[in-house]
2 protein chains.
Amino acid sequence: MSFPKSFGILLYPRFELLDAAGPLEALICLSRREGFKDMRLSVISETMDPVSVGQNSSDANINTFANAIRLMPTHTLDTAPPLDVLIVPGGIGSIDFERSDTPHHVDKYVDFVRRAYRGEDERQPLKYLISVCNGAMLLAKAGVLDGHRVTTTKDLWHLIPPLGPKSHWIARARWHHSDNIWTTSGVSAGVDGTLAWMESLVGHETVESVVNTMEWIRAEEADNDPFAKVFGAQDVPPKA
Amino acid sequence: MSFPKSFGILLYPRFELLDAAGPLEALICLSRREGFKDMRLSVISETMDPVSVGQNSSDANINTFANAIRLMPTHTLDTAPPLDVLIVPGGIGSIDFERSDTPHHVDKYVDFVRRAYRGEDERQPLKYLISVCNGAMLLAKAGVLDGHRVTTTKDLWHLIPPLGPKSHWIARARWHHSDNIWTTSGVSAGVDGTLAWMESLVGHETVESVVNTMEWIRAEEADNDPFAKVFGAQDVPPKA
């Protein structure tokens, strides 16, 4: 199989910046190399408005550091092209999805993940699905983690596994892959998970050159996860 | 001295995504904590147009992976508010500054760095200046590195020290600080440098909580730099 060409990243209000930017940086570095210059990215959100890491509010009273950071979408949930790979970052925006003051409806993003993964609407199914941090919440709610061994951020370990009771949640995992689903631990772990995914397709030498360009001090082993212990996370097996 | 409140990041076309997003993520995590919620960020560019990690061209033939990633400025070089801290990322855009096909003029950014650091135009001088990767090229051209011990990415070691002949360029350095100037090595090193800067002001415990939230596998020592050896970089002392 040739290397995937069509990448998508799902951005919702209050996504976590590094959850998105870390994996994208690894992919940018790869996309500059000969043989990978036909990689393309779609930045997908509910609307074409800038997507803020903060509140994205016009209320001047809600003015935080994160509010200033806004990325531009290239496509909406409705106009996104067929994708080979979808990256789903975490962020406060997907923790707050039950709250009425969330300006966008995360359920629409959950639906997008489900449809993209399964290939509904006459689409091809995704070749790979990658979640970072609590982006796994959207995957769990979409039902695509059922029957898989998965992981997520250790910082919200009490909150996330109950959303996916048919999955085995692995505590000590910088990342884990099961079939074509790669779930990673919190924030920075998204880079190590993406590099491991990349290595499974393009081999060690190419990934090493990406790592060197990024000057990334890499966790090469999936179980190199000091944060499971920091947050006291334990495995959560599926409910019978 | 109280913790700085007014942060700026300088974005020019073809900046390196993680050079910007890494330090910002560390600052976002800090800004959510009690005692730091009054931190504010200005995203500064030449114009208010979205700033692309790629070519930012309307030419459909120039369509790369990185082109899809565009951040929104909050201020221009002319409208930026007084700053306590300025972060200057690297990127291809500041390597290409001599090329005629660069759509924006990097010299304007160099002037901004000089004026901000020195406090010209009736401004207060910066309290801290942080460069990531080859962002140090802009600082060197601005003359603000003269007489300082500094570092930059090891991947472009042959290119950058000649731009700052009055500085001592340290090869084995994940980051280095000299007076109020913190220069870091390539891309990911910006996070470790920013965390070290933060720790110098707020102490270890607070930074450790940021590191845990980010699940960042941290280089705590400034000389923990495996990439100096990878790229064969050697110290470059100042020219007599």
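In what follows, chains are A, B, ... by sequence order, proteins preceding strands, each numbered from 1.
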Residue from B:D19, B:L27, B:I9 scoring the most non-hydrogen pairs under 4.5 Å with chain A is B:L27
Residue set satisfying side-chain hydrogen bond (donor to acceptor under 3.5 Å, both in side chains) with A:R218, at least two apart, ordered chain then number -> A:E199
When rounded to the nearest 0.5 angstrom, what is the spacing between OG1 in B:T64 and CG in A:L41? 9.5 Å
Residues in residues 73-82 of chain A near chain B [non-hydrogen atoms, under 4.5 Å]: A:P73, A:T74
Please classify the contact between A:C29 and chain B as side chain, backbone, both or neither, with a heavy-atom cut-off of under 4.5 Å. side chain
Given that the side chain runs from C-beta out, which part of B:F36 has a heavy atom under 4.5 Å from chain A: side chain, backbone, both or neither? neither
Just to verify, what does A:W216 make a ring-ring contact (aromatic ring centres under 6.0 Å, His included) with, not counting sequence neighbours? B:W216
Any non-hydrogen side-chain atom of B:I69 less than 4.5 Å from a side-chain atom of A:I28? yes
For B:D84, enumerate each residue passing the salt bridge (charged side-chain N to carboxylate O under 4.0 Å, His left out) test, keeping only those at least two apart in sequence or located in another chain. B:K127
With a 4.5 angstrom heavy-atom cut-off, could you sort out which part of A:V191 is near chain B: side chain, backbone, both or neither? neither
Tell me which of these, A:S31, A:S188, A:A20, has more heavy-atom pairs under 4.5 Å with chain B than the rest. A:S188
Between CD1 of B:I217 and CG of A:N224, what distance do you get to the nearest 0.5 Å? 4.5 Å
At what distance, to the nearest 0.5 angstrom, does CD of A:E215 lie from CG of B:D225? 6.0 Å
Check B:N212 against A:F227 and note the closest heavy-atom contact, atom names and distance. OD1-CE2, 3.4 Å
Between B:L30, B:V43, B:V187, B:D155, who has the most heavy-atom pairs with chain A when the cutoff is under 4.5 Å? B:V187
